[in-house]
Amino acid sequence: MSGGVSSDEDQLIHLHSEDMINDLELAANQCTASFLDITHSLTQGLAEVTHLTSQYIEVHSNAVKNTCDHVNTSIMASHTLITKASELNSDLQRVHDLQLEIRQLRKVVDTLEPQIKELTREKKR
């Protein structure tokens, strides 16, 4: 009987080994499928992040360009304003000079007016 038992044990060990190999192969296939799913998910995620990063860089670049354009326009407008203010200041200086001339003429007229009135009275007499 010992030969029969040994044969049964060999069969059980052989069957048990086949089950373990099948279980191991099944586990390996599941790991492979999980790995492929994770790799696919990561690839999609990286592609989306890359696309979003590209869009962000474009938006940022446009914002910087627009800001620079607005700053440049503002600088030119400020320069124009300063130039116009300087021209206005020159014009106002000429008005001030004219005011001084008018005051001097008024003083001369005020000085001459009594004399002219006196001469006019004398001629009427």
Side-chain angles (χ1 to χ4, degrees):
M1 266 205 181
S2 69
V5 171
S6 164
S7 174
D8 286 339
E9 284 179 6
D10 287 341
Q11 279 183 332
L12 282 175
I13 292 174
H14 181 65
L15 287 175
H16 187 62
S17 295
E18 279 184 28
D19 287 342
M20 285 179 48
I21 290 173
N22 288 337
D23 288 344
L24 187 59
E25 187 176 346
L26 181 63
N29 286 336
Q30 288 173 344
C31 284
T32 300
S34 293
F35 177 77
L36 291 175
D37 285 343
I38 290 170
T39 303
H40 179 71
S41 178
L42 286 173
T43 301
Q44 283 183 326
L46 287 173
E48 289 173 8
V49 166
T50 300
H51 180 70
L52 290 173
T53 301
S54 175
Q55 286 179 333
Y56 168 76
I57 289 171
E58 184 179 343
V59 166
H60 181 71
S61 176
N62 288 338
V64 168
K65 180 186 176 295
N66 288 339
T67 300
C68 290
D69 289 346
H70 290 296
V71 168
N72 190 36
T73 300
S74 178
I75 289 170
M76 289 189 301
S78 295
H79 178 71
T80 301
L81 178 65
I82 290 169
T83 300
K84 292 297 179 184
S86 179
E87 290 172 5
L88 180 61
N89 193 35
S90 292
D91 290 345
L92 287 175
Q93 182 59 44
R94 290 188 355 225
V95 169
H96 180 71
D97 293 345
L98 183 60
Q99 178 190 16
L100 291 176
E101 285 182 40
I102 291 171
R103 281 186 183 162
Q104 288 175 348
L105 287 173
R106 180 68 191 172
K107 283 182 183 178
V108 170
V109 168
D110 286 346
T111 305
L112 292 176
E113 187 177 15
Q115 293 173 4
I116 292 174
K117 283 184 181 178
E118 185 64 35
L119 283 174
T120 309
R121 273 191 240 151
E122 286 182 7
K123 282 188 176 182
K124 284 186 182 178
R125 291 186 190 170

Listed pairs under 3.5 Å, donor-acceptor, residues 63-77 side chains, sequence neighbours left out:
{"unit_1": "Lys65", "atom_1": "NZ", "unit_2": "Asp69", "atom_2": "OD2", "d": "3.2"}
{"unit_1": "Asn66", "atom_1": "ND2", "unit_2": "Asn62", "atom_2": "O", "d": "3.3"}
{"unit_1": "Thr67", "atom_1": "OG1", "unit_2": "Ala63", "atom_2": "O", "d": "2.7"}
{"unit_1": "Thr73", "atom_1": "OG1", "unit_2": "Asp69", "atom_2": "O", "d": "2.9"}

Reported CG-to-CG distance for the pair Leu98 and Leu105, which is rounded to 0.5 angstrom: 9.0 Å

Members sharing Leu88's hydrophobic cluster (side chains within less than 4.5 Å): Leu92

Pair Gln93-Asp97, side-chain donor/acceptor within less than 3.5 Å: yes

Linked hydrophobic residues, Leu46 as query - side chain contacts closer than 4.5 Å: none

Separation of Cys31 SG from Leu24 CG (nearest 0.5 Å): 9.5 Å

Residues clustering with Val108 (ILVMFWY side chains joined when closer than 4.5 Å, directly or via others): Leu112, Ile116

Residues 36-45 side chain polar contacts: donor-acceptor under 3.5 Å, at least two apart:
{"unit_1": "Thr39", "atom_1": "OG1", "unit_2": "Phe35", "atom_2": "O", "d": "2.7"}
{"unit_1": "His40", "atom_1": "NE2", "unit_2": "Gln44", "atom_2": "NE2", "d": "3.3"}
{"unit_1": "Thr43", "atom_1": "OG1", "unit_2": "Thr39", "atom_2": "O", "d": "2.8"}

Pairing residues for Asp110 by the salt bridge (charged side-chain N to carboxylate O under 4.0 Å, His left out) criterion, not counting sequence neighbours: Arg106

Distance (rounded to the nearest 0.5 Å) between Glu18 CD and Ile21 CD1: 7.0 Å

Reported CG-to-CD1 distance for the pair Asn89 and Ile82, which is rounded to 0.5 angstrom: 13.0 Å

Side-chain touch Asp91/Arg94, heavy atoms, less than 4.5 angstrom: yes

Nearest-0.5 Å distance, CD1 of residue Ile57 to CD of residue Gln55: 11.0 Å

